[in-house]
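First comes the structure, then the notes that go with it.
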There are 2 protein chains.
Amino acid sequence: MAIKEEKYQQLFKESLGLFAVFGYKKTTIEDVAAKLGMTKGNLYFYVKNKRDLYQKTIHWALIKWQAHVIKAVDKETCPRKKFMAMARAAMSYIDTNKSLRKILIHDPEIFTLDREKDRFPEANQAAREVIRSIIDQGIAEKIFSITDVCATTEYLFSVYMMFLIKTYVFLDPTAFQQMFDAALQLNLRGLMHNNSPSTP
Amino acid sequence: MAIKEEKYQQLFKESLGLFAVFGYKKTTIEDVAAKLGMTKGNLYFYVKNKRDLYQKTIHWALIKWQAHVIKAVDKETCPRKKFMAMARAAMSYIDTNKSLRKILIHDPEIFTLDREKDRFPEANQAAREVIRSIIDQGIAEKIFSITDVCATTEYLFSVYMMFLIKTYVFLDPTAFQQMFDAALQLNLRGLMHNNSPSTP
DNA sequence: AATTGAACTTATTGTACAATTGTTCAATTT
DNA sequence: AAATTGAACAATTGTACAATAAGTTCAATT
């Protein structure tokens, strides 16, 4: 059913664009239907309701983002480089993806530090696992040394969330970059078994 | 005018208690006045308006909190221990102070990762300076080594904010403690010049 | 200087109704 | 059978205005 998949892709793409411009409330089901050249009634063949459309649209965007990050991580072999690739890919993606970024500004609670309020636990769990696998590999190769892998993963995921929250709100790109670099240095050195001179 | 100072202390204390129980909206100026045995009109001798009362009350609570942290930091001489003392004092204080914590739950935006929306820039600037002075001392004593002190301070302050946001929302105290310890280990090792075995 | 209490102003709540938007579904087309 | 339509229906939001409650001011008083 590649044809139905195509339809969904198009639906989410157009939907994302509209939600980005008008926000959830101001975007009507009819707007989305019109954009796709169908009637609003037919949209209910694809999604349960408006909220479901919004949820599925953002989930789709988050998964696409994640795929981009994983691709960047997989290009590297060393855990240290993987960690850097992960951080950089995640941040640069959101920086270039105007639509997703606009939605995050409209609806900042998409990223929350409160796990109870997490509306995208599936996508975020996958993100945790990316971090976790890099740490595990680093420990296996005796490059990283930390006592509590689980808690460290959760902490680094929270730091990642923190940066996301800061990204779509940050005024000065230079200040952001500096803080990002400082964080990367601090966390990498914190993970490493021995402090070695940083290779940029 | 130590007598007037006393009055303010009492005002903020009672006000904090009421705001903690009922929240900003449900707490009336008359409630606060009654608690202090005065009429609501007289409250306007002390504060500009209701919002000002709320603002001054929280600012007062934040400064008291900060004084507690600084006291704990000053007990230590080594920058490493100072850093740990700072983190621990800040977190344990909020854990025991039920009123302040309740207010933070009612009004989570008191702590924000968005500097533009910071309603207590004075108190938070002072907090940044506590972090900064510990880092500066650590570098002077060649215990810490980081390239960008300014950006690292800002990053660690953000991590501090993140923990505060997580604190009043965290379900499981054990999980919080583990994450806190992992973060402390990671950040301390990241700051240090050479990785030495951690002394607990 | 600190406080009162009444007068005054501003904000909130409730209600009723109109308009808009979201949702369902039997009928129709592909 | 899967996809789509359009009209009927339900839910939500917006508007207007009255009633109420809460916030604010200030001349008089302690």
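Residue B:N42 contributes atom CG, which lies 5 Å from atom P of C:dT4 at whole-angstrom precision. Going from atom CZ of A:F45 over to atom P of D:dA1 covers 13 Å, rounded to whole Å. If you measure from atom CG of B:L43 to atom P of D:dA22, you get 15 Å, rounded to the nearest angstrom. Following rounding to the nearest Å, A:Q10 (CD) and D:dA3 (C1') show an atom-to-atom distance of 14 Å. The OH atom of B:Y54 sits 20 Å away from the C1' atom of D:dT24 (whole-angstrom rounding).
Contact annotation: A:K48 does not reach the phosphate of C:dT24 (side-chain N/O to OP1 or OP2, under 4.0 Å). At the phosphate of C:dT3, OP1 or OP2 sits under 4.0 Å from a side-chain N or O atom of B:Y46. Contact annotation: B:K26 does not reach the phosphate of D:dA21 (side-chain N/O to OP1 or OP2, under 4.0 Å).
With a 3.5 Å ceiling on both atom-pair distances, the Watson-Crick or G-U wobble partner of D:dT30 is C:dA1.
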Passes side-chain contact (heavy atoms from CB on, under 4.5 Å), B:I70 versus B:D74? Steps please.
-> CA-CA 6 Å; B:I70 290 175; B:D74 285 347; 3.5 Å; yes
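B:L18 CG to B:F22 CZ: the interatomic distance, rounded to the nearest 0.5 Å, is 6.5 Å.
The pair B:E30-B:K35 fails the salt-bridge criterion, with no side-chain N (NZ, NE, NH1 or NH2) lying under 4.0 Å from an Asp/Glu carboxylate O.
Side-chain contact check for A:Q177 versus A:F180: some heavy-atom pair is nearer than 4.5 Å. Taking 4.5 Å as the limit, some side-chain heavy atom of B:D95 sits within range of a side-chain heavy atom of B:R101.
Taking the six-membered ring where tryptophan is involved, the planes of B:Y54 and B:F19 are perpendicular, since the angle between them exceeds 60° and thus also 30°.
Where B:M38 and A:G41 meet DNA chain C, the nucleotide closest to each residue was compared, and B:M38 sits on the side nearer the 5' end.
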Check the interface with nucleotides 19-22 of chain C: list each N/O to N/O pair with the protein under 3.5 Å, or write none.
| from | atom 1 | to | atom 2 | distance (Å) |
| --- | --- | --- | --- | --- |
| C:dG22 | OP1 | A:K50 | NZ | 2.9 |
| C:dG22 | OP2 | A:I29 | N | 3.0 |
| C:dG22 | N7 | A:K40 | NZ | 3.2 |

